[in-house]
**Student:** 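Take a look at this one; I'll ask things after.
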Amino acid sequence: MLNSNKTLAELKDMIEAKTHHPYLLQFLEKPFIDENKLLLLLSIFEELDISPEERDKYILSAMLIQIALDTHEKVTNKAADEDSEGVLKNRQLTVLAGDYYSGLYYKLLADIENISLIRVLAEAIKEINEQKIVLYQRTINEISDLTDSLAAIESSLIRKIADSFQKPKWKEFSSSFLLLNRLIEEKNKYMESGQSVIFDILKKLSFPKRDKSKELSPDQRKYVLNKIDHCINQAREATFLALDRLSPDGDLQRKLASFIAGNIGTPNSLVEEG
Amino acid sequence: MKLKMMYSFLNTDLQLIEKEMEATLQSDSHVLRQASLHLLQAGGKRIRPVFVLLAAKFGDYDINVVKKVAVALELIHMASLVHDDVIDDSDLRRGAPTVKSKWDNRVAMYTGDYIFARSLEIMTEVKKPLAHKILSQTILEVAVGEIEQINQKYQFDQNIRTYYRRIKRKTAVLIAASCQLGAIAAGVSSDIHIKLYKFGYNVGMAFQITDDILDFTASEKELGKPAGSDLRQGNITLPVLLAMEDPAIKEMVLEIRETMPQEELSKVIEAINGSGAIERASAVSEKYLNKAFAELKGLPVNRANKTLYEIARFIGKRKY
């Protein structure tokens, strides 16, 4: 347990060092490192017969892509004339920071001459953006399409890697585990701010003929929240089922099990945990 | 002679590349497909594919291999344009609405990332590690160059070396990489692809310096934007740096703000135009062009060599 914690912390340091750009940091927040995804990547690569150096580079390149995509997700639609100079500069640098992190991923893998992994990760970026557009444009007609789309956005990178390194059992687990996390995050976001893309889509699917200019009634709101809870419960069940199929004796698997049981929806608590 | 006439013998291959780009952008997502093709159909000079094809003529030219590099480079360029329009908040490009104005910033971000991913997928069909090392280094340099450009806006105390480094990253490295990667895809020896890289680098530098001169000398109609737009946005280019050697002009330049009335900006432009800085900057551009021509002299004499010479002359000396 101690070793995997140490490695996770080391990987985080490595990602922070790689993404460190003094000028960007003057204006932008430090890139968010998704520890759930980091832990999953480490779990997959720990099962392979590769050197720690090679493992670290593969993990680092996948995490750079995740960071690049997450960074671009922060670009807003606010019109320029509404923006102060600072907001505009922040947006410009957010776009460029994402491009810079993408460039780092390509360079890292090109330097170690792993052309096939460059392709695998590029395919994941393509798939993620195709699904992000679907979600953003709300062009979804079924709840199952919504959860499929969310699962693809959250887990394509890891699923493609698991496929490429012939570790299929991690595909199913990553998909349901990361979907579960996202659903819980979205529900929390809605409860805190009243805003969530998932809530919007479920609202549209649940009450297609409602007058959009009117607020939901309390019963309607409760109905939509129940739908989210139903999706969460399904994803939780799928996650536990998939976890059972993973080797139960590994440090990381035990860690995942305790994390799922106790801390779902509270990402970034892994490194500090014992 | 018009630019496109210079490489008309490549038309069949360029059409193939155009079709390949269109096929590459056939996303399952309707919006992504529309947004990507919207930009593709707006056209462009396709100068990067032209450089790729011409450089490949120095080796074993197989269009089925070379087209991968050409498509990848043009798509990388396209992806960066989609994001640049978000950065610059531009509504028009090549006379057509930008992705960000026809849809919005978010769609533009997804489209740019999608096109970038597709370009890398195509590029991975080229199984030459050196090509990937060069391209990835180039992409990173372009990104760093754009970040530097924002950092250096309105930094009137920057020196000429800073300017050269910025335009190298902003423009020259991608043209240089186009030449070098075309040659590598065609299996040429390192002495030749390095010469082609240097040719592309020097042409790229001359091209950007000419572009920076035109910001002062071309008309609004020719530029498609008001003269001095770069200066108004705080981009300190070679003509400005040279003109600022005159303390009186320096004083005027230090007053430049984005909100400066056009009348006042026109006075600064007039002062820069009358300072001899334009002629001096042109001489620098000419120097880079001559370096590019010198590289060509060290390469086999063939039709591609002659065409590269003509294109370099054209883009270095263009009036708008």
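Only this structure's heavy atoms are used, side chains among them; waters, hydrogens and symmetry mates stay out. Keep in mind that this is a model prediction, so the values were computed, not measured.
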**Student:** Checking heavy atoms, do the side chain of K128(B), its backbone, both or neither come under 4.5 Å from chain A?
**Tutor:**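 Contact with chain A involves the backbone of K128(B) alone.
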**Student:** Take H30(B) and T139(A) through the side chain to side chain contact (heavy atoms under 4.5 Å, CB included) test and state the conclusion after the steps.
**Tutor:** CA-CA 10 Å; H30(B) 176 73; T139(A) 48; over 6 Å; no
**Student:** Going from CD on Q92(A) to NZ on K153(B), what distance comes out if it is rounded to the nearest 0.5 angstrom?
**Tutor:** 5.5 Å
**Student:** Using a 4.5 angstrom heavy-atom cutoff, name the option from F116(B), W103(B), Y114(B) with the most pairs to chain A.
**Tutor:**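 Of the options given, most contacts go to Y114(B).
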**Student:** Could you name the residues of residues 97-131 of chain A that have a heavy atom within less than 4.5 Å of a heavy atom in chain B?
**Tutor:** D99(A), Y100(A), S102(A), G103(A), L104(A), Y105(A), Y106(A), K107(A), A110(A), D111(A), E113(A), I115(A), I118(A), R119(A), A122(A), E123(A), I125(A), K126(A), N129(A), E130(A)
**Student:** Can you tell which of G112(B), S119(B), S29(B), P129(B) has the highest number of heavy-atom pairs within less than 4.5 Å of chain A?
**Tutor:**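 With the most close heavy-atom pairs to chain A, the winner is P129(B).
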**Student:** Between R118(B), K133(B), E146(B), which has the largest tally of heavy atom pairs under 4.5 Å with chain A?
**Tutor:**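 Sorted descending by pairs with chain A, the first entry is K133(B).
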**Student:** Measuring from atom CG of N151(B) to atom CD of Q26(A), what distance do you get when rounded to the nearest 0.5 angstrom?
**Tutor:**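 One gets 7.0 Å once the value is rounded to the nearest 0.5 Å.
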**Student:** How long is the span from the CZ atom in R106(B) to the NZ atom in K132(A), to the nearest 0.5 Å?
**Tutor:**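 The CZ atom of R106(B) sits 8.0 Å away from the NZ atom of K132(A).
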**Student:** Taking atom NZ of K57(A) as the centre, report whether more than 12 heavy atoms of other residues, nucleotides or ligands fall under 6.0 Å from it.
**Tutor:** no
**Student:** About how many Å separate CG of N77(A) and CE of M109(B), when rounded to the nearest 0.5 Å?
**Tutor:** 11.0 Å
**Student:** Quick check on the structure: residues of residues 191-201 of chain A within a heavy-atom distance below 4.5 Å of chain B, by number.
**Tutor:**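 Heavy-atom contacts from residues 191-201 of chain A to chain B are absent.
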**Student:** Using non-hydrogen atoms only, which part of V126(B) is less than 4.5 Å away from chain A: side chain, backbone, both, or neither?
**Tutor:**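 For V126(B), the backbone is the part near chain A, not the side chain.
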**Student:** State the CG-CD distance between L88(A) and E258(B), to the nearest 0.5 angstrom.
**Tutor:** 8.0 Å
**Student:** Near Q26(B) CD, under 6.0 Å, is it more than 12 heavy atoms from other residues, nucleotides or ligands?
**Tutor:** yes
**Student:** Quick one: which of K100(B), M123(B), E125(B) has the most heavy-atom pairs under 4.5 Å with chain A, could you say?
**Tutor:** E125(B)
**Student:** So what's closer than 4.5 Å to chain B heavy atoms on E73(A): side chain, backbone, both or neither?
**Tutor:**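 Both backbone and side chain.
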**Student:** Test of understanding: with salt bridge (Lys or Arg N to Asp or Glu O under 4.0 Å), list the residues that count as partners of K67(B), not counting sequence neighbours.
**Tutor:**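 In terms of salt bridge (Lys or Arg N to Asp or Glu O under 4.0 Å), with neighbours along the sequence ignored, K67(B) is linked to E20(B).
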**Student:** Check whether T94(A) gets within reach of chain B through its side chain, its backbone, both or neither, counting any heavy atom under 4.5 Å.
**Tutor:**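 Contact with chain B: none, neither part.
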**Student:** Using a heavy-atom cutoff of under 4.5 Å, enumerate the residues of residues 149-161 of chain A that contact chain B, numbered in order, or state 'none'.
**Tutor:** none
**Student:** State, with a plain yes or no, whether a side-chain heavy atom of I150(B) is found less than 4.5 Å away from one of F27(A).
**Tutor:**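 Result no, sub-4.5 Å side-chain heavy-atom pair not found.
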**Student:** Nearest 0.5 Å please: distance from the CD1 atom of I147(B) over to the NE2 atom of H21(A).
**Tutor:**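 Reported value, rounded in 0.5 Å steps: 4.0 Å.
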**Student:** Sort I139(B) into side chain, backbone, both or neither according to what part of it lies under 4.5 angstrom from a heavy atom of chain A.
**Tutor:** side chain
**Student:** Go through the atoms of I65(A) and report whether side chain, backbone, both or neither lie under 4.5 Å from a heavy atom of chain B.
**Tutor:**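 For I65(A), neither part sits under 4.5 Å from chain B.
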**Student:** Where do V31(B) and Q137(A) come nearest, in terms of heavy atoms and distance?
**Tutor:**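 The answer is CG2-OE1, 3.1 Å.
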**Student:** Between V134(A) and chain B, with a heavy-atom cut-off of 4.5 Å, which part of the residue counts as in contact: side chain, backbone, both or neither?
**Tutor:** neither
**Student:** Pick whichever of N105(B), L32(B), V86(B) has the most heavy-atom pairs under 4.5 Å with chain A.
**Tutor:** N105(B)
**Student:** Would you say NZ of K30(A) has more than 12 non-hydrogen atoms from neighbouring residues, nucleotides or ligands within 6.0 angstrom?
**Tutor:** no
**Student:** Counting only heavy atoms closer than 4.5 Å, note whether L135(B) contacts chain A via side chain, backbone, both or neither.
**Tutor:**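 Both parts, backbone and side chain.
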**Student:** Counting only heavy atoms not in Q155(B), do more than 12 sit closer than 6.0 Å to its CD atom?
**Tutor:**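 For Q155(B), atom CD is crowded (more than 12 foreign heavy atoms under 6.0 Å).
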